[in-house]
Number of protein chains: 2
Amino acid sequence: MVHADSQDPRAAGHQTETHGWDAELVPDERGRTARPEPDCPVEVALAAISGRWTTLVLRELMHGERTFSELRAALPTLSAKILTERLHELTARGLAHREQVNAFPPRVGYRLTAAGLALRPLLICLYETGAALSRSRAGTPAPPR
Amino acid sequence: MVHADSQDPRAAGHQTETHGWDAELVPDERGRTARPEPDCPVEVALAAISGRWTTLVLRELMHGERTFSELRAALPTLSAKILTERLHELTARGLAHREQVNAFPPRVGYRLTAAGLALRPLLICLYETGAALSRSRAGTPAPPR
DNA sequence: CAGTATCCCTGTTGATACTG
DNA sequence: CAGTATCAACAGGGATACTG
């Protein structure tokens, strides 16, 4: 899907020496920011997956609806505080939806909304890119700081 | 490109109700982590673009080689300290390369390596995903915290 | 079960000033 | 030009304990 494993920089294709904007990388005005503006699409996407554990919670929810304790079981070392925080963020951003189940014992289910499912290609792209980086330098020099 | 506008979650397609792993989302063992492991491909990719300003510095370098002051001019509100820090991180990770130019005045140029150019599809994916999110909820509820 | 409430600690950022 | 040094301020994360 993604051409990330070419060895020759030039063969990778897209680098230009012009000082103009690259239409594929920066298709419109919102991408030409001189600062990290919250409404830049890149910042919007980063905000959606920001925070430790968020991508893992998203991965779990990509598989279908999950209850609070199913999520805790899948991610045992994630504290209740942070899980709650992440689920609140996701619901506040309209990426997930909370559903009360009136049963005994009472349960709460979380499922992704259509907008949340839109993050799926991004997670796949992150995985592919990370795998390509690991391949291109099997021994990473060092984790900075 | 991204199917984010379907109203029915079921119709959006990929969500399965199985508790097994999704081969497209989690192709191999490294993606089945129960914690944010540094060697999970997703974490590797996130680490590569982590830090405020990093995606903007990458955007500039995607256009070709840039000197320290060209970068400062393109991103005027980015302090020298942080720019230096970002450039060090990128070079330490093998994503960028530093080149001394013996001239007068002496200059230093930075350009992306092949590994750095491999981040291009990710930046594009971030942009597209963010744009799709902005479209699907024109008025984002609220920036959490 | 599904959360809240505190406290503390650490990393990251940014402003400012200085240097080879 | 291309950085480094220092410091102050803050936000995020985790441990622990408690609740409707």
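Any value given below was found using the heavy atoms of this structure, including those in side chains, with hydrogens, waters and symmetry copies removed. Lettering of chains follows the sequences in order, A, B, ..., and the numbering in each one begins at 1.
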Starting at CZ of A:Arg52 and ending at C1' of D:dA15, how long is that distance when rounded to a whole Å?
14 Å

Is there a donor-acceptor pair closer than 3.5 Å between any side-chain N or O of B:Arg66 and the backbone N or O of B:Arg111?
no

Heavy-atom nearest pair, A:Thr54 first then A:Ala48, reads CG2-O, 3.9 Å

Is any NZ, NE, NH1 or NH2 atom of the basic residue among B:Glu24 and A:Arg120 found under 4.0 Å from an Asp or Glu carboxylate oxygen of the other?
yes

Separation of atom CD in B:Glu70 from atom P in D:dC1, rounded to whole Å:
11 Å

Could you give the CD-to-C1' distance, from A:Glu99 to C:dC1, as a whole number of Å?
17 Å

In this structure, how many angstroms lie between the C1' atom of C:dC9 and the CD1 atom of A:Ile82, rounded?
13 Å

Assign each of A:Pro106 and A:Gly51 to its nearest nucleotide of DNA chain D by heavy atoms, then name whichever residue's nucleotide is nearer the 5' end.
A:Gly51

Nearest atoms (heavy-atom pairs only) where B:Trp53 meets A:Ala34:
CZ3-O, 3.4 Å

For DNA chain C, produce a single dot-bracket line, 5' to 3'. Pairs: Watson-Crick or G-U wobble, both distances under 3.5 Å. Symbols: ( ) within strand, [ ] crossing, | other strand, . unpaired.
||||||||||||||||||||

Does A:Ser69 make a side-chain N or O approach to OP1 or OP2 of C:dA2 shorter than 4.0 Å?
yes

What's the CD-C1' distance between B:Glu85 and C:dA15, to the nearest Å?
14 Å

Within less than 4.0 Å of OP1 or OP2 of D:dG12, is there a side-chain N or O belonging to A:Trp53?
no

Provide a list of protein-nucleic acid N or O atom pairs under 3.5 angstrom, restricted to nucleotides 3-7 of chain C.
from  : atom 1 : to       : atom 2 : distance (Å)
C:dG3 : OP1    : A:Arg98  : NH1    : 2.2
C:dG3 : OP2    : A:Tyr110 : OH     : 2.8

Phosphate-side-chain proximity, B:Arg86 and C:dT13, N/O vs OP1/OP2 below 4.0 Å
yes

Whether the side chain of B:Arg59 engages the backbone of A:Gly31 through a donor-acceptor N/O pair (distance < 3.5 Å, no angle test) should be reported.
yes

When you measure from the side chain of B:Ser136 to the backbone of B:Leu133, do you find a donor-acceptor pair of N or O atoms at a distance under 3.5 Å?
yes

Any donor-acceptor N/O pair, A:Glu70 side chain to A:Thr67 backbone, under 3.5 Å:
yes

To the closest 0.5 Å, what do you measure between CG (B:Leu112) and CD (B:Glu60)?
11.0 Å

Rounded to whole Å, how long is the line connecting atom CG of A:Leu78 with atom P of D:dG13?
11 Å

B:Arg98 versus B:Thr91, side-chain donor and acceptor atoms under 3.5 Å:
no

